[in-house]
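These figures come from a predicted structure and were not determined experimentally. Worth knowing before you read on, the calculation uses all heavy atoms, side chains too, and leaves out hydrogens, waters and symmetry mates. In the text below, chain A, chain B and the rest are named by the order of the sequence lines, each starting its count at 1.
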Amino acid sequence: MPRKKKTTSEGKGNQVMPLANAAPSDFFEDVFDVVRQVPAGRVTTYGAIAAYLGSRRSARMVGWAMNASHHAFPAVPAQRVVNRQGLLSGKHHFPSDKPMEVQLRAEGVEVREDQVVDFARHFWDPTIALGL
DNA sequence: TTTTTGACGTCGC
DNA sequence: CGCGACGCCAAAA
């Protein structure tokens with residue numbers, strides 16, 4: 001799929017777009033796209049996504065992108081993204097009606113103490129799966 | 001505009 | 001094995 005080169009300002013020298021219409025940057029879309037390709041019952045990490053995008057050390061940006069994933073469409077299975085330890089670091093950000101842990105369990109991922117059990121086995125590496 | 005922050009990761013001690 | 005510092009870069013204040 002083609003990469004869209006869109007700058008934040010996009011058009012004229014406008015600096016901000018206060019309305020909710022603000023289009024996410026490529027980085028965000030890229031992250032969303034990768035996450036959406038994570039198979040159910042599998043999980044990946046922020047770092048893995050960052051590495052796939054080319055910047056191994058930009059894991060934090062992936063986290064930021066995920067922060068915006070809630071208003072993204074199609075829906076992004078953010079519950080399948082955990083940190084390197086398999087810890088559900090973003091669980092606190094999920095809507096209370098559908099906790100991260102519950103969604104993971106529904107997909108067949110066992111979670112104990114906010115951690116993915118046998119994380120290495122459930123790990124889905126975009127670098128491998130997408131054939132980088 | 002500059003400064004702060006953040007759902008992370010790695011390295012040093 | 002735990003804790004602190006740094007890196008990385010975009011969005012929000």
Rounded to whole Å, the CG-C1' distance (A:Asp26 to C:dA11) equals 15 Å
Separation of C:dA11 P from A:Glu29 CD (nearest whole Å)
11 Å
With a non-hydrogen cut-off below 4.0 angstrom, is A:Ala68 in contact with a base, only sugar-phosphate, or nothing?
nothing
Letter by letter from the 5' end, nucleotides 4-9 of chain C scores (B base, S sugar-phosphate only, - none; protein heavy atoms under 4.0 Å) ---BBB
Sorted by chain and number, sequence neighbours left out, salt bridge (Lys or Arg N to Asp or Glu O under 4.0 Å) with A:Arg57 holds for none
Just how far is it from atom CD of A:Glu107 to atom CD of A:Gln103, taken to the nearest 0.5 Å?
7.0 Å
Measure from the side-chain heavy atoms of A:Phe28 and tell me the nearest of B:dA7, B:dG9, C:dA10.
C:dA10
In whole Å, I'd like the distance from the CG atom of A:Leu104 to the P atom of B:dA7.
18 Å
Please give, in whole Å, the distance from B:dT5 P to A:Asn67 CG?
15 Å
Using Watson-Crick and G-U wobble pairs whose two distances are both under 3.5 Å, how do you write the pairing of DNA chain B as dot-bracket, with | for links to another strand?
.|||||.||||||
Gap between atoms NE2 and C1', on A:His70 and C:dA11 respectively (whole Å):
16 Å
Rounded at 0.5 Å granularity, tell me how far CD in A:Gln79 sits from CE in A:Met66.
8.5 Å
